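Below, chains carry the letters A, B, ... as their sequence lines are ordered, and counting in each starts from 1. For the numbers below, each heavy atom of this structure counts, side chains included, while hydrogens, waters and symmetry mates do not. What you see is a predicted model; the values in this text were computed from it and never measured.
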There are 2 protein chains.
Amino acid sequence: MSSTPTFKRLPRAVREQQMLDAAVKVFSRRGFHAASMDEIADDAGISKPMVYAYLGTKDELFVACLHREGTRMMEAIAGAAAPDLPADERLWRGLRAFFGFVGAHRDGWAVLYRQARASQPFAAELATMRGRLVDVVAGMLDHALRAKGREVRATDLEVVAYALVGATESLADWLADHPEADPEKTATRMMNVAWLGADQLLRGTVWHPPAD
Amino acid sequence: MSSTPTFKRLPRAVREQQMLDAAVKVFSRRGFHAASMDEIADDAGISKPMVYAYLGTKDELFVACLHREGTRMMEAIAGAAAPDLPADERLWRGLRAFFGFVGAHRDGWAVLYRQARASQPFAAELATMRGRLVDVVAGMLDHALRAKGREVRATDLEVVAYALVGATESLADWLADHPEADPEKTATRMMNVAWLGADQLLRGTVWHPPAD
DNA sequence: GCGTAACCTTACGCACCAGTAGGTATGCTC
DNA sequence: GAGCATACCTACTGGTGCGTAAGGTTACGC
């Protein structure tokens with residue numbers, strides 16, 4: 001008569017992942033504040049105190065989501081863009097991996113870049129990760145430049161890298177909002193913008209504002 | 001003895017602007033949900049029921065903020081980038097106006113692009129405005145292309161415009177986080193990335209993915 | 001100088017939600 | 001099969017914040 005045989009007891013590690021899955025889903029749908037711990041627990045098929053027991057408070061839970069999704073993304077990119085490749089090849093592979101990740105983990109993307117950025121305490125966590133990405137891109141550009149015997153001020157380089165990362169994130173948003181779109185094709189388009197622009201910069205071409 | 005002589009009664013239009021100023025400030029600092037109507041009312045130097053009487057519920061108030069800041073921004077850009085100028089000049093003036101606006105209205109920027117994007121109901125409102133910006137940029141590129149007798153698929157154009165807008169927004173974030181940075185210089189940097197990239201695209205140069 | 005309409009206030013009801021107290025069941029070890 | 005650790009639950013509290021009811025005060029028309 002005790003008719004709840006389907007719900008088995010599961011080891012902690014498994015339940016934690018289920019909870020994180022649910023949390024990412026709910027956070028991305030509702031936003032951090034509007035998401036309720038009850039809904040997350042419910043969605044994970046578990047009761048609320050379990051969430052608190054395993055993952056801690058709401059803030060800690062969100063940081064845990066941020067961390068998991070961020071790590072996954074960085075690994076996907078780093079695994080694809082080996083440092084010994086030529087710059088354009090590296091950029092291409094990195095972009096392809098990135099858009100592939102976003103296409104496959106739209107919820108995770110939303111949590112990372114739409115939610116985290118909105119509220120102060122988490123923005124820092126995100127800024128660190130984003131900073132690492134910017135550094136990678138800036139390092140790539142710098143490397144290519146030095147190979148040509150040219151030098152560029154570090155700040156300029158950083159800002160250019162920032163712009164490229166921003167453009168990429170923007171297309172990621174576009175991709176997340178267009179389920180029919182192809183990640184590979186999006187990566188190609190981004191490559192056109194980024195590389196053809198970067199190529200010119202690498203050649204030393206500089207645009208300067210017209211005189212008033 | 002009634003010692004509140006400094007607080008005068010003010011006409012509705014004035015109070016509404018004060019409330020919107022306070023709301024933009026608080027929303028940008030706390031985020032939409034964490035912002036409380038009490039704090040906004042307090043910051044505006046008025047009591048809460050007045051806010052409800054003039055601007056409606058919290059949601060409606062936020063939309064009103066979004067609307068005002070968005071309109072201001074669009075006007076600043078549209079006023080600077082006259083349609084009869086050559087493409088590079090238009091782009092430059094538009095960018096300069098944009099970064100000038102962000103530099104001068106950091107709170108408004110935060111409300112628009114950090115808060116609004118985070119939660120579903122408002123994202124649509126923002127997407128409309130952003131879409132108008134993308135259309136302007138895409139139209140500019142298209143115009144320049146046709147002048148050279150070339151044509152590009154509308155989707156490609158839109159995606160490129162999207163990337164450029166994204167890169168610009170990203171630098172705007174960077175600017176908002178670096179109070180010491182100069183909007184004009186940031187605009188120049190963006191111009192380098194955008195124009196040199198766009199210029200290559202306009203020449204018909206295309207990057208394509210390497211064979212596996 | 002008095003009515004009235006707009007401006008403005010204090011004080012509260014009600015709902016929602018983060019976090020917890022305290023208890024039950026299940027499997028594992030010896 | 002006793003003992004124990006771990007998985008899991010129901011049911012609550014306390015706090016916070018949206019939205020409002022009901023009443024006070026100032027300016028302005030006449």
**Study point:** Listed partners of A:Ala78 passing side chain to side chain contact (heavy atoms under 4.5 Å, CB included), at least two apart
**Key:** none
Distance-only check: which donor-acceptor pairs under 3.5 Å involve side-chain atoms of residues 61-72 of chain B, not counting sequence neighbours?
| from | atom 1 | to | atom 2 | distance (Å) |
| --- | --- | --- | --- | --- |
| B:Arg68 | NH1 | B:Gln17 | OE1 | 2.7 |
| B:Arg68 | NH1 | B:Asp21 | OD1 | 3.1 |
| B:Arg68 | NH2 | B:Asp21 | OD1 | 2.8 |
| B:Thr71 | OG1 | B:His67 | O | 2.6 |

Exercise for review: Starting from P on D:dC8, measure out to CG on A:Asp42 and report it in whole angstrom.
Suggested key: 15 Å
Study note, to complete from the structure: By salt bridge (Lys or Arg N to Asp or Glu O under 4.0 Å), A:Asp38 pairs with (sequence neighbours left out) A:Lys48
Revision key, fill the gap. B/S/- along nucleotides 13-25 of chain C (protein heavy atoms under 4.0 Å) is -----BBBB---B
Study note, to complete from the structure: From CZ of B:Arg30 across to C1' of D:dT16 the rounded distance in Å is 14 Å
Check your understanding: Is NZ or CZ of A:Arg130 both nearer than 6.0 Å to the six-membered ring centre of A:Tyr162 and within 45° of the ring axis?
Key -> yes
Exercise for review: Take the C1' atoms of the five end pairs on each side of the helix from C:dG1-D:dC30 to C:dC30-D:dG1, get both axes, and report the angle to 10 degrees.
Suggested key: 10°
Review point. By salt bridge (Lys or Arg N to Asp or Glu O under 4.0 Å), which residues pair with B:Asp177, not counting sequence neighbours?
Key: B:Arg114
Exercise for review: Examine D:dC8: is either OP1 or OP2 under 4.0 Å from a nitrogen or oxygen in the side chain of A:Arg15? Give yes or no.
Suggested key: yes
Review point. So which pairs with a foot in residues 51-66 of chain B pass side-chain hydrogen bond (donor to acceptor under 3.5 Å, both in side chains), sequence neighbours left out?
Key: none
Check your understanding: For B:Arg132, what residues pass the salt bridge (Lys or Arg N to Asp or Glu O under 4.0 Å) criterion, not counting sequence neighbours?
Key -> none
Exercise for review: Under the ring pair (Phe, Tyr, Trp, His ring centres under 6.0 Å) rule, collect the residues that match up with B:His178, sequence neighbours excluded.
Suggested key: B:Trp174
Exercise for review: Please tell me which of the listed nucleotides, C:dT9, D:dC9, D:dA7, lies nearest to the side chain of A:Ile46?
Suggested key: D:dC9
